[in-house]
Student: 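Have a look at the structure that comes next, please.
On a predicted model such as this, the values are computed, not experimentally measured, just so you know. Note: hydrogens, waters and symmetry copies are ignored here, and every other heavy atom, side chains too, is used. Counting from 1, the numbers follow the sequence of the chain as shown.
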Amino acid sequence: MTHLNRARELHLASRWEEACAEYAAADAAEPLAVEDSASYAEAARVSARGDEAVVLLHRVFDLRVRADELDEAAEVAFWLWWVPVNSNQVVEAGGWLQQATRVLGAAAASSPRLTCPESDVACSDGRPHSRGRTSRQGCPGRSG
């Protein structure tokens, strides 16, 4: 069995640390395709390997943008915001969100995943957002 096949099996079994090791070995032999890179990034994120996850997520984001898969890129952009936020790197997260919004244009504006973080960044002090929301309004599962 190849490293990549083993990594896929381990990922499906939620054996994140082992999946990371196998994905890394497979990636060293040949760069992973976008879906496998995304799975590797998920395994790294769930394993609390924030720095590794961010590198992988950037790769996936770039591949999605180049393939004109902007809705999928918006999903990746959310996780590129989420990982640094969970590490209290709020400035980095906000900067990434602004960059992703510029790159994605209309896809970012229509993405529920990106409009929620945008309101958090823009209104973290509770002031109304330019769209009339506060940081807790307009996001699924949140009340204000």
Student: Test: ring pair (Phe, Tyr, Trp, His ring centres under 6.0 Å). Region: residues 35-60. Which pairs qualify, not counting sequence neighbours?
Tutor: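 Checked against ring pair (Phe, Tyr, Trp, His ring centres under 6.0 Å) - neighbours excluded - the pairs reaching residues 35-60 are Y23-Y40, H58-W96.
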Student: Is there a chain of hydrophobic side chains (I, L, V, M, F, W, Y, each step under 4.5 Å between heavy atoms) that links L10 to L4?
Tutor: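 Different hydrophobic clusters.
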Student: Just wondering, do Q98 and T101 contact through their side chains at under 4.5 Å, heavy atoms?
Tutor: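 Of all side-chain heavy-atom pairs linking Q98 with T101, none is under 4.5 Å.
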Student: Nearest heavy-atom pair of C20 and A43: which atoms, and what distance?
Tutor: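 Closest heavy-atom pair between C20 and A43: SG-C, 3.6 Å.
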Student: Can you give me the closest heavy-atom contact between S37 and R59, atom names plus distance?
Tutor: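 Closest pair (atom of S37, atom of R59, distance): OG-NH1, 3.3 Å.
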Student: Are there more than 12 heavy atoms of other residues, nucleotides or ligands under 6.0 Å from atom CH2 of W82?
Tutor: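 12 or below, so no.
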Student: Looking at R15 and E9, is there a salt bridge between them, counting it only when a charged N and a carboxylate O are closer than 4.0 Å?
Tutor: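 The answer is no: the pair does not qualify as a salt bridge.
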Student: Flag yes if more than 12 heavy atoms outside N86 fall under 6.0 Å of its CG atom; otherwise flag no.
Tutor: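 Atom CG in N86 is crowded, with more than 12 foreign heavy atoms closer than 6.0 Å.
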Student: Does V46 share a hydrophobic cluster with V85, counting links as ILVMFWY side-chain heavy atoms below 4.5 Å and allowing steps through other members?
Tutor: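 Result: no, two separate clusters.
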Student: Distance check, rounded to the nearest 0.5 Å: L70 atom CG versus E75 atom CD?
Tutor: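 Result: 13.5 Å between the selected atoms.
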Student: I need the R45 CZ to W16 CH2 distance, nearest 0.5 Å.
Tutor: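 Reported to 0.5 Å precision, the distance equals 8.0 Å.
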Student: As a test of understanding, state which of L56, L57, V60 forms a side-chain contact (heavy atoms from CB on, under 4.5 Å) with W79.
Tutor: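 Only match with W79 under side-chain contact (heavy atoms from CB on, under 4.5 Å): L57.
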Student: For the atom pair CD (E92) and CH2 (W81), what is the distance rounded to the nearest 0.5 Å?
Tutor: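 Going from CD on E92 over to CH2 on W81, the span is 13.0 Å.
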Student: I'd like to know if R64 and E35 make a salt bridge, using a cut-off of under 4.0 Å between side-chain N and carboxylate O.
Tutor: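 Salt bridge: yes.
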Student: Would R49 and E17 count as a salt bridge (Lys or Arg N to Asp or Glu O under 4.0 Å) if you check the C-alpha gap in whole Å, the side-chain angles of each, and the deciding distance to 0.1 Å?
Tutor: CA-CA 9 Å; R49 297 175 174 207; E17 289 289 335; 2.6 Å; yes
Student: Can you find a heavy atom in the side chain of L104 that is under 4.5 Å from one in the side chain of V65?
Tutor: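 Counting from C-beta outward, L104 and V65 do come under 4.5 Å.
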Student: Answer with yes or no whether the hydrophobic clustering places V34 together with L32; edges join I, L, V, M, F, W, Y residues whose side-chain heavy atoms lie under 4.5 Å apart.
Tutor: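 Hydrophobic grouping puts V34 apart from L32.
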Student: What is the minimum heavy-atom distance between H11 and A19, and which atoms define it?
Tutor: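 Nearest pair, atom of H11 first, then A19: N-CB, 3.8 Å.
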